[in-house]
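First the proteins, then the strands, lettered A, B, ... as listed; each starts at 1. Heavy atoms only: backbone and side chains are in, while hydrogens, waters and symmetry mates are out.
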Amino acid sequence: MSLKTHTCGQLRPEHADQTVTLAGWVHRRRDHGGLIFIDLRDRWGITQVVFNPDISTEAHKVAHDLRVEYVVKVTGNVRRRPPGLENPDLATGEIEVLAEEAEILNPAKTPPFYINEDSPVEEALRLRYRYLDLRRQRMQRNLILRHRVIKFIRDFLSDEGFIEIETPILFKSTPEGARDYLVPSRLHPGKFYALPQSPQQLKQLLMVAGYERYFQIARCFRDEDQRGDRQPEFTQLDLEMSFVDREDVMDLIERLFTAIVEQVSDKKLLFKPFRRLSYYEAMDRFGTDRPDLRFGMELVDISDIAAGCGFRVFAETVAGGGVVKGLNASGCGGYSRKQIDELTDLVKKFEAKGLAWLALPAPGGAAQVGEEGAVRSSFAKFLSDEQVQAIIDRLDGKPGDLLLFVADRPEIANEALSRLRGTLGERLGLRDPNVLALCWVIDFPFVTWNEEEQRWDPSHHLFTAPMDEDIPLLDTDPARARGQQYDLVCNGYEIAGGSIRIHRRELQEKVFNLIGLEMEDAKQQFGHMLEAFEYGTPPHGGIAPGIDRFVMLLAGEPNIREVIAFPKTQSAADLMAGAPSPVSPEQLKELHLKLDL
RNA sequence: GGGCCCGUGGUGUAGAUGGAUAACAUAUCGGCCUGUCAAGCCGAAGAUCGCGGGUUCAAGUCCCGUCGGGCCCGCCA
């Protein structure tokens with residue numbers, strides 16, 4: 001940096017009496033008429049520059065014209081600040097630079113929003129002027145964190161014998177999974193490349209190729225609707241290993257993620273080692289395969305008590321093969337009818353028919369079930385005192401608690417209660433943003449029944465291996481077969497998914513057969529894979545953690561746009577550049593395309 | 001494809017039930033000011049209330065449509 005001798009975050013008392021040159025942006029300007037103070041900012045920090053007309057009238061004149069975000073170069077002497085004038089909020093606060101020369105390298109228009117404070121700004125405006133938004137402390141902090149995480153991953157995996165290999169962005173479309181982004185081919189009229197949804201096939205082929213330990217910080221593309229944790233293009237740590245079982249992959253990832261959290265972030269790990277749940281256990285106890293384990297409030301099955309009780313909704317649900325499950329919203333026993341109605345509206349959004357509730361009065365009220373005022377409830381009056389007490393005991397109900405129940409098909413009861421649990425956890429302040437609860441979910445069902453298509457779909461992807469001992473079940477009872485799949489879950493987000501792959505052609509064909517993929521179609525779509533598998537394929541498996549999501553959690557941000565330099569909006573648009581945009585008729589013609597709008 | 005929320009000087013907000021000059025903070029511009037660090041004090045300028053239409057004597061406010069942003073359902077192997 002020949003235009004500056006030091007950064008704006010560098011100078012300390014030991015630099016006193018040195019002549020230095022700094023360059024950066026005007027962060028703030030304080031004009032006293034005589035003295036002018038400038039907070040000069042660059043990527044490394046802020047340094048106060050003092051312009052005193054007694055030292056240099058020329059420099060003082062320049063300072064008079066300075067405005068926020070001007071780019072300037074200043075040369076001057078470093079000195080310790082006079083006693084009592086230090087600024088403890090600034091890393092460089094013990095010194096200041098007395099300007100002797102100053103040069104405006106580039107003036108700046110008044111920015112459309114504050115850059116020198118992290119005050120709220122409408123997100124559309126931030127995205128339109130993203131290059132200015134990125135100057136702000138919040139974004140700078142997030143992008144630096146992201147860099148440190150990725151650097152850490154590269155170093156860690158390199159030390160573990162992995163090599164980073166780039167795979168193509170222009171690849172082949174396959175109808176499985178998400179919608180592909182397509183790229184028309186000029187040289188092959190009527191044909192298209194697809195941007196990869198992930199380098200899945202390529203990393204498996206690298207295992208066939210004998211690289212044994214591969215990783216990549218890989219950009220992935222999916223043309224689906226956006227969410228706060230989903231962008232059309234996002235970044236995965238893509239990773240694959242040969243001659244391993246699932247314990248090897250999980251062990252590696254567990255060590256990596258533990259080290260990242262402990263060495264790169266200020267968050268606390270709740271579980272060490274990570275907790276493990278089977279898919280069925282996760283569904284049973286939390287109603288979801290990506291539970292937020294920062295708090296309890298587990299789902300409890302009371303179907304046995306509800307069966308044949310006097311409350312017809314309960315009894316008939318159980319009789320019809322459904323379940324009655326509930327949770328204990330501890331301390332919410334004082335909720336008003338209106339508050340409970342709000343919770344009811346929430347579960348109804350997820351197709352539950354209603355929410356049964358039972359509130360236990362706060363301490364000091366009547367004690368025994370059966371006595372006047374012992375409970376408020378939407379259904380207790382239909383049950384015996386013993387049944388009510390059994391339910392309270394089952395949910396460990398204490399005075400002041402609110403017990404909430406959904407009676408429905410298991411999928412609906414789980415979904416509704418899981419959402420309810422999340423909302424209550426948030427409302428009760430149980431989701432500590434400084435804590436990361438990492439857990440493995442394993443033993444997923446190998447396939448799930450697709451009602452509309454009347455066929456089995458792979459739970460993960462179609463190269464995932466079933467558990468060895470469950471292979472016979474593929475012929476007899478596919479629903480009970482488990483896959484060698486593992487998901488890493490953190491605070492209610494799925495942050496990685498992976499599996500041990502099928503490496504034998506017979507088994508792969510058996511799976512194609514099971515999910516109703518004709519061999520002809522399979523050859524058409526995956527011929528290169530099937531062919532490759534015939535040339536000596538090692539047992540292999542891998543995983544793909546989402547970098548954006550994990551950095552979001554490490555940064556404590558509410559969505560992944562905050563950890564992506566140039567993200568897209570919910571409608572997948574770039575508000576800064578104006579993408580997507582129309583193209584010229586000449587471009588279309590060259591690509592052999594006609595628009596049909 | 002669907003539901004909900006938001007859009008008012010550059011920025012962030014206020015403007016119940018429609019009522020006359022659209023308020024506040026901050027930024028901007030000018031003046032004063034030699035120890036501030038969110039500098040201070042004085043003054044000025046700055047808004048066709050996202051856009052289009054409608055209801056009404058009267059619309060920032062109510063209705064319809066539309067554009068943009070966000071959250072969510074569907075979707076995301």
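Put simply, CZ on F113(A) is 11 Å from C1' on rG10(B), counting in whole angstrom units. As a whole-Å value, the separation of D180(A) CG from rC76(B) C1' is 12 Å. Atom-to-atom, CG of D65(A) to P of rC29(B) comes out at 11 Å; the value is rounded to the nearest Å. Distance, E117(A) CD to rA39(B) P: 9 Å, rounded to whole Å. Atom CD of Q231(A) and atom P of rC71(B) are 10 Å apart (whole Å). Computed from coordinates, the D345(A) CG to rG3(B) P distance equals 17 Å when rounded to whole Å. Taking atom CD of residue Q226(A) and atom P of nucleotide rG69(B), one finds them 12 Å apart after rounding to whole Å. Between E122(A) atom CD and rG70(B) atom C1' the separation is 10 Å, expressed in whole Å.
Aromatic ring orientation, H528(A) versus F526(A): tilted (interplanar angle from 30° to 60°).
Within 4.0 Å of D54(A), counting heavy atoms only, lies at least one base atom of the nucleic acid. No contact: T464(A) has no heavy atom under 4.0 Å from any strand. Among the protein residues, E123(A) comes within range of the sugar-phosphate backbone only, with heavy atoms under 4.0 Å from sugar or phosphate atoms but none that close to a base. Among the protein residues, D89(A) comes within range of no part of the nucleic acid, since none of its heavy atoms lies under 4.0 Å from any strand. Within 4.0 Å (heavy atoms only), N87(A) reaches at least one base atom of the nucleic acid. Among the atoms of the strands shown, only primed sugar atoms or phosphate atoms (P, OP1, OP2) are found under 4.0 Å from some heavy atom of S459(A). Using a 4.0 Å heavy-atom criterion, one finds that L462(A) contacts no nucleic acid atom at all. Note on R561(A): only backbone sugar-phosphate atoms sit closer than 4.0 angstrom, heavy atoms only; bases stay farther off. Within the nucleic acid shown, L127(A) has no heavy atom closer than 4.0 Å to any nucleic acid atom. G228(A) comes within 4.0 angstrom of sugar-phosphate atoms only, judged by non-hydrogen atoms across all strands, and of no base.
Between S571(A) and rG68(B) there is no side-chain N or O to OP1 or OP2 distance below 4.0 Å. Contact check, T569(A) against rG69(B): a side-chain N or O comes under 4.0 Å of OP1 or OP2. Contact annotation: R230(A) side-chain N/O to rG74(B) OP1/OP2 distance is not under 4.0 Å.
Note: R482(A) CZ to S278(A) OG = 9.5 Å, rounded to the nearest 0.5 Å. Atoms CZ and CZ, on R419(A) and F350(A) in that order, are 4.0 Å from each other to the nearest 0.5 Å.
Across rA16(B) and rC29(B), the matching P atoms stand 34 Å from one another, rounded to whole Å. Comparing rG50(B) with rC5(B), their C1' atoms are spaced 16 Å from each other, to the whole Å. For the P atom pair drawn from rC63(B) and rG7(B), the interatomic distance equals 14 Å after rounding to whole Å. rC49(B) and rA23(B): their P atoms are spaced 15 Å apart (whole Å). With C1' as the reference atom, rA25(B) and rU8(B) are 15 Å apart, rounded to whole Å. To the nearest whole angstrom, the two C1' atoms, one in rG1(B) and one in rG54(B), are 29 Å apart. Atom C1' of rG9(B) sits at a distance of 14 Å from the matching atom of rA44(B), rounded to the whole Å. For the C1' atom pair drawn from rC42(B) and rC33(B), the interatomic distance equals 11 Å after rounding to whole Å.
Residues of residues 28-50 of chain A that place a heavy atom closer than 4.0 Å to RNA chain B, in numerical order, are R28(A), R30(A), D31(A), H32(A), G33(A), G34(A), L35(A), F37(A), D39(A), Q48(A). Scanning residues 414-426 of chain A for heavy-atom distances under 4.0 Å to RNA chain B yields R419(A).
Distances from the side chain of N52(A) to the nucleotides rU34(B), rA27(B), rC72(B) place rU34(B) closest. Nearest to the side-chain atoms of E224(A) among the listed nucleotides rC71(B), rC75(B), rU11(B) stands rC75(B). Ranking rU11(B), rG68(B), rG74(B) by closeness to the L575(A) side chain, first place goes to rG68(B). Closest to the L85(A) side chain, of the nucleotides rC75(B), rG35(B), rC71(B), is rG35(B).
Annotation: of the two residues near RNA chain B, E86(A) and A124(A), the 5′-most nearest-nucleotide partner is E86(A). Residue-to-nucleotide proximity on RNA chain B shows that, of H64(A) and T110(A), the 5′-proximal contact is made by T110(A).
Judged by distance alone, with hydrogens and angles left aside, R222(A) brings no side-chain donor or acceptor close enough to the base of rC76(B) to form a pair under 3.5 Å. Between the side chain of R67(A) and the base of rG10(B) there is no donor-acceptor pair of N/O atoms closer than 3.5 Å. Evaluation of atom-type donor-acceptor distances gives a pair under 3.5 Å for the side chain of R81(A) against the base of rC37(B). Side-chain atoms of N559(A) and base atoms of rG70(B) include no donor and acceptor less than 3.5 Å apart. Between the side chain of R126(A) and the base of rG12(B) there is no donor-acceptor pair of N/O atoms closer than 3.5 Å.
When all heavy atoms are compared, the tightest approach of A544(A) to D238(A) is CB-OD1, 3.9 Å. Considering every non-hydrogen atom in both R80(A) and P13(A), the closest pair reads NH1-CB, 3.3 Å.
Taking 4.5 Å as the limit, some side-chain heavy atom of R501(A) sits within range of a side-chain heavy atom of K203(A).
Look at E69(A) and R29(A) and you find no salt bridge, because none of the NZ, NE, NH1 or NH2 atoms lies under 4.0 Å from a carboxylate O. Salt-bridge check for D133(A) with R126(A): passed, with a basic side-chain N closer than 4.0 Å to an acidic carboxylate O. The pair E351(A)-R409(A) does not count as a salt bridge, with every side-chain nitrogen at least 4.0 angstrom from each carboxylate oxygen. A salt bridge does not link R81(A) with E86(A): every distance from a Lys NZ or Arg NE/NH1/NH2 to an Asp or Glu carboxylate oxygen is 4.0 Å or more. A salt bridge is absent between R222(A) and E224(A): the closest approach of a Lys/Arg side-chain nitrogen to an acidic carboxylate oxygen does not fall below 4.0 angstrom. Note on R455(A) versus D457(A): salt bridge recorded, some NZ/NE/NH1/NH2 to OD/OE distance being below 4.0 Å.
rC62(B) and rG54(B) make up a base pair, with Watson-Crick or G-U wobble contacts both under 3.5 Å. Pairing for rU28(B) goes to rA44(B), judged as Watson-Crick or G-U wobble with the two contacts each under 3.5 Å. Under the Watson-Crick or G-U wobble criterion, with both distances below 3.5 Å, rC4(B) is paired with rG70(B). Within the shown strands, rU13(B) is the pairing partner of rA23(B) under the Watson-Crick or G-U definition, both distances less than 3.5 Å.
No more than 12 heavy atoms of other residues, nucleotides or ligands lie within 6.0 Å of CD in E518(A), so this atom counts as exposed by the packing criterion.
Residues meeting the salt bridge (Lys or Arg N to Asp or Glu O under 4.0 Å) test with R128(A), sequence neighbours left out: none.
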